[in-house]
Amino acid sequence: MVAMGRPVVIAIDGPAGAGKSTVARKVAERLGLAYVDSGATYRAAALKVLEAGVSPDDAQRVAALVSGAQIEWVAPASPGVAWRVRVDGRDVTTSIRTPEVALAAAKISQLPAVRTKLVALQRQLNVGPGVVMEGRDIGTVVFPDADLKVFLDADPRERARRRRGQDAEEGRASTLEEIASQLERRDQLDAGRAISPLVPAPDAHIIDSTRLSPDQVVEKIIELARERALVERAKDKT
Ligand code: DC
């Protein structure tokens, strides 16, 4: 019965371009839960570093800048809409969606001072009935006791193709080769880092989305949530 009192936590981890955002948002919407993209905080910290003219490779200055930054989550009005992120009082949710910020985020997320601060920020969220949180270390480090852990993967070529589609929608033209090499670089940084590298939690459900549509992946996750009575638990709380 104690379990009924705590928020439902669904962790969706995986490499860049595997479709986590689309899927996590839809699952949150279906279950009436908050949708949180933890990567936004790493990007927000990276934006602060870039705007200060500091190199993302300068560990000492990055650690000092990020430690002093005021990074905050801002709740949206309804479930299934991404939480927004603010740095030093400024909403940066839109300006962090660039390849430069993504690469800088992958670099600065290697640093212990950055991870400690941002992991604490994800844990402090007041998410009401529960949350679908996407990232790299949600099931392994942020919420090791999550009710459901999914590791979403896809073939690198397919991930690059999807990312190109997303870039085009956001008005950026880039070639498949450019994107494939950006993703490969980020994969190496994310999977190769010393602290909380990108690995599936031992109890994560690995879903390969290469040949699945976002809706097919969503159905699989809803089914897993149903098996764990999470759909009922989420409803009880709304
Ligand atoms: O999910 P994203 O592409 O917005 O993430 C940007 C970078 O942030 C990613 O390359 C690594 C880092 N990150 C992380 O280290 N841990 C997370 N939980 C989320 C993102």
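Numbering of ligands and ligand atoms starts at 1, following listing order.
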- If you measure every N/O of Lys20 against every N/O of ligand 1, is any gap under 3.5 Å? no
- Taking distance alone, with no angle check, do Glu134 and ligand 1 share an N/O pair under 3.5 Å? no
Write out the residue and atom name of the closest protein heavy atom to [atom], then the distance separating them to 0.1 Å.
atom                    : answer
atom 4 (O) of ligand 1  : Arg43 NE, 2.6 Å
atom 6 (C) of ligand 1  : Arg186 NH1, 3.4 Å
atom 8 (O) of ligand 1  : Tyr42 CB, 3.4 Å
atom 18 (N) of ligand 1 : Asp137 OD1, 2.8 Å
atom 7 (C) of ligand 1  : Ala105 CB, 3.7 Å

- The atoms of ligand 1 lying under 4.0 Å from a heavy atom of Ala106, numbered in the order shown, are 10 (O)
- Above 12 or not: heavy atoms from other molecules or residues under 6.0 Å from CZ of Arg123? yes
- Is the number of heavy atoms from other residues, nucleotides or ligands under 6.0 Å of Lys117 NZ greater than 12? yes
- Message: Considering only residues two or more places apart or on different chains, which pairs with a residue in residues 53-75 satisfy salt bridge (Lys or Arg N to Asp or Glu O under 4.0 Å)?
- Response: Asp57-Lys107, Glu72-Arg86
If you take the nearest heavy atom of each of [options], which one is closest to [atom]?
atom                    : options                      : value
atom 11 (C) of ligand 1 : Asp13, Asp190, Leu189, Ile96 : Asp190
atom 16 (N) of ligand 1 : Arg115, Met133, Arg163       : Arg115
atom 12 (C) of ligand 1 : Ala45, Gly39, Ser109         : Ser109

- Item | Shared hydrophobic cluster for Val142 and Val36 (ILVMFWY, side-chain gaps under 4.5 Å) | yes
- Task: Let me see the working for Asp91 and Thr93 under side-chain hydrogen bond (donor to acceptor under 3.5 Å, both in side chains), right down to the final yes or no.
- Result: CA-CA 6 Å; Asp91 188 321; Thr93 315; 2.6 Å; yes
- Compute the minimum heavy-atom distance from Arg193 to ligand 1 and say whether it is under 4.0 Å. yes
- Is the closest heavy-atom distance from Gln122 to ligand 1 below 4.0 Å? no
- Query: Of all residues at least two apart in sequence or in a different chain, which pass the side chain to side chain contact (heavy atoms under 4.5 Å, CB included) check with Pro99?
  - Reply: Arg172, Gln182
- May I ask you to identify, for Arg136, whether its side chain, its backbone, both or neither come under 4.0 Å of ligand 1 on a heavy-atom basis? both
- Item | side-chain contact (heavy atoms from CB on, under 4.5 Å), paired with Leu31, selected from Ile222, Leu230, Val8 | Ile222
- Query: Given Asp155 and Arg161, is the salt bridge (Lys or Arg N to Asp or Glu O under 4.0 Å) satisfied, shown in steps?
  - Reply: CA-CA 10 Å; Asp155 185 87; Arg161 213 183 53 76; over 6 Å; no
- Any chance you could lay out the side-chain hydrogen bond (donor to acceptor under 3.5 Å, both in side chains) test for Arg162 and Thr22, step after step, and finish with the verdict? CA-CA 11 Å; Arg162 290 179 191 168; Thr22 312; over 6 Å; no
